[in-house]
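The structure appears right after this line, and notes come after that.
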Amino acid sequence: MESITSYIQEHKQRFIDELIELLKIPSISADSAFAKATTQTATAVADSLKAAGCDTVEICETPGYPIVYADKIIDPNLPTVLVYGHYDVQPPDPLDLWDAPPFEPVVKTTDKHPDGAIFARGACDDKGQMYMHVKAMEYMTANGKLPCNVKFMIEGEEEVGSVNLAWYVERNQEKLANDVILISDTGMIANDIPSITTGLRGLSYVEVEVTGPNRDLHSGLYGGAVANPINVLSKMIASLHDENNHITVKGFYDKVEELTAAEREKMGEAPFSLENYKKALDINAVYGEKGYTTNERNSIRPTLDVNGIWGGYTGEGAKTVIASKAYAKISMRLVPHQDWEEITELFKTHFESIAPDGVTVKVTPHHGGQGYVTPIDSIGYQAAEKAYEKTFGKTPIPQRSGGSIPIVALFEKELKSKTILMGFGLDSDAIHSPNEHFGIWNYLKGIETIPYFYEYFTALKNA
């Protein structure tokens, strides 16, 4: 019977090659042009789970992209771990900023990843981190090391809001019943400073449209006489923050949880260099809500950001035109207790109310989700903590994340179980950006650590 470290060493190149093949498939759920590739990825994931030793493997149809379900039930009396991940990826745009094509993976060394990193869209978010669980499962089944039951639910719509995952979960609660949910779709502080994500922000994502005249107008003949939707939209967006970068939407902060001074002090113990942070982003100053540190701004405080803005003529050369319409996409990251649907309605009411005469405003909600906090005194967290201690040789730091995984709150509501977020990526891995990558050391470290979670969780659950 091989140890996990010797098994990884023996199969290291195969593990890397298999992930590279998965990363070659452009499973972009947001773009219907890639529908065939996205569905193809589901089949590839199902095949890998079957090869890893799962007894049941199903490609479950939904109104959208399929969900891959798999399980291995060794004893109904033992605890059950449900592993969640997603096989879809973000669009790779802008393509000209990639050093190599996003779906032609390459391995390169970096300062953060001296052992090499795989550069490709989805390398870290989430194909690489999801595939760690498949390979950990392979090790446990091949060596008789699986101590409990395991179920997998791998979806293809996380990057577009997981609408059909909710549809699936509501209809399969008994099938998905579990004692704890395990997800690797987050990161850690550094390779020598392990951390476990204990909090996620919620999300409200909307698109706004401002309409002025009934057609595009000549800016010489009409400029200054009618409202310019681009000018108006710019002013409306600018008014969404005050001089302290506080969000001006009425009622936005009513349910925001204010952490105690002691809690904020504990957060401040996490290693952080402001100078390194600025250097990594090539900026000369940070920016955000007055009265909070950088790490607080991007984790325990809500935000409102414009993700895209367009209108009028944007082609080469000049075209003197007043556009009939202007658009923007806006996301709001929310903290626990802020309800995303309530915030969406508050934003809609506020944005419509500040529109001047001469234009009309339309707000279209896209998707959202609730925030989440994992209690660090739970058995699941304690098992994860012991697993990191085993493989990293030090106790991980509990850390709240600024990102959102909306389905975590859904899982707790529908399946009545807590989620443990064991992420192995780094902030510098450029998820959602050009040149996304995932360190080979991190990938293999995840495979090494995950089996210990199963071992410790089963022991604590049966204690």
Side-chain angles (χ1 to χ4, degrees), residues 30 90 158-163 166 199-212 227-258 287-292 296-311 323 325-373 400-410 413 432:
Q90 282 272 325
E158 195 274 347
E159 300 293 5
V160 290
S162 299
V163 173
L200 295 165
R201 289 194 289 192
L203 173 68
S204 168
Y205 195 99
V206 302
E207 183 172 323
V208 300
E209 174 186 310
V210 176
T211 303
N228 181 324
I230 299 176
N231 293 354
V232 169
L233 176 59
S234 299
K235 290 181 179 179
M236 293 173 69
I237 288 173
S239 76
L240 294 174
H241 294 87
D242 65 17
E243 66 278 7
N244 295 318
N245 289 315
H246 198 265
I247 297 163
T248 58
V249 174
K250 186 176 180 181
F252 189 87
Y253 292 96
D254 286 356
K255 295 182 180 179
V256 170
E257 176 188 19
E258 293 286 348
Y287 185 88
E289 186 181 1
K290 186 177 181 180
Y292 295 90
E296 290 173 337
R297 290 168 179 165
N298 64 24
S299 62
I300 64 170
R301 298 299 295 169
T303 63
L304 185 154
D305 285 292
V306 178
N307 302 129
I309 185 168
W310 69 100
K325 293 178 179 290
Y327 306 84
K329 293 182 185 289
I330 297 172
S331 65
M332 290 160 279
R333 299 287 177 169
L334 313 175
V335 295
H337 308 307
Q338 284 185 298
D339 180 84
W340 78 270
E341 292 178 317
E342 181 181 347
I343 291 296
T344 301
E345 190 59 36
L346 288 173
F347 175 86
K348 182 176 186 295
T349 299
H350 176 83
F351 205 71
E352 291 172 346
S353 73
I354 62 175
D357 293 338
V359 300
T360 57
V361 171
K362 178 182 178 182
V363 177
T364 303
H366 278 298
H367 63 271
Q370 313 294 25
Y372 181 79
V373 175
R400 292 204 186 189
S401 169
S404 304
I405 309 179
I407 47 80
V408 173
L410 167 74
K413 176 185 175 185
H432 292 208

List the steps and the verdict of side chain to side chain contact (heavy atoms under 4.5 Å, CB included) for E209 and V361. CA-CA 6 Å; E209 174 186 310; V361 171; over 6 Å; no
Closest approach of [X] and [Y], non-hydrogen atoms and distance?
X	Y	answer
W340	L203	CB-O, 3.3 Å
G371	A409	O-CB, 4.0 Å
P229	A323	CD-O, 3.0 Å
V335	S299	CG1-O, 4.3 Å
N245	Y287	OD1-OH, 3.0 Å
I343	S204	CG2-CB, 4.5 Å

How many angstroms lie between [atom1] in [X] and [atom2] in [Y], if you round to the nearest 0.5 Å?
X	Y	atom1	atom2	result
I330	T344	CD1	OG1	11.5 Å
I300	Y292	CD1	OH	7.0 Å
E289	L304	CD	CG	12.0 Å
D242	K290	CG	NZ	10.0 Å
D305	I237	CG	CD1	11.0 Å

Under the ring pair (Phe, Tyr, Trp, His ring centres under 6.0 Å) test, which residues partner H246, sequence neighbours left out?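 If we apply the ring pair (Phe, Tyr, Trp, His ring centres under 6.0 Å) test to H246, skipping adjacent residues, the hits are Y253.
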Ring pair (Phe, Tyr, Trp, His ring centres under 6.0 Å) partners of H432, counting only residues at least two apart: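 So H432 forms no ring pair (Phe, Tyr, Trp, His ring centres under 6.0 Å) with any residue.
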Please check: side-chain N/O of [X] versus main-chain N/O of [Y], any donor-acceptor pairing under 3.5 Å?
X	Y	result
T303	M332	no
T248	S239	yes
Q370	P336	no

Option passing side-chain hydrogen bond (donor to acceptor under 3.5 Å, both in side chains) with K255 (candidates H337, E342, Q338):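 The passing option is E342.
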Listing request: all side chain to side chain donor-acceptor pair (under 3.5 Å) pairs with a residue in residues 326-335, at least two apart in sequence or in separate chains.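 Those involving residues 326-335 are E207-K329, N307-S331, R333-S404.
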So do the side chains of V208 and F347 get within less than 4.5 Å of each other, counting heavy atoms only?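 Yes; the side chains approach each other to less than 4.5 Å.
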Give the intermediate values and the outcome of side chain to side chain contact (heavy atoms under 4.5 Å, CB included) for residues H350 and L240. CA-CA 9 Å; H350 176 83; L240 294 174; 3.8 Å; yes
Going through the distances and angles, do E257 and R301 end up as a salt bridge (Lys or Arg N to Asp or Glu O under 4.0 Å)? CA-CA 9 Å; E257 176 188 19; R301 298 299 295 169; over 6 Å; no
Take R201 and L334 through the side chain to side chain contact (heavy atoms under 4.5 Å, CB included) test and state the conclusion after the steps. CA-CA 5 Å; R201 289 194 289 192; L334 313 175; 5.7 Å; no
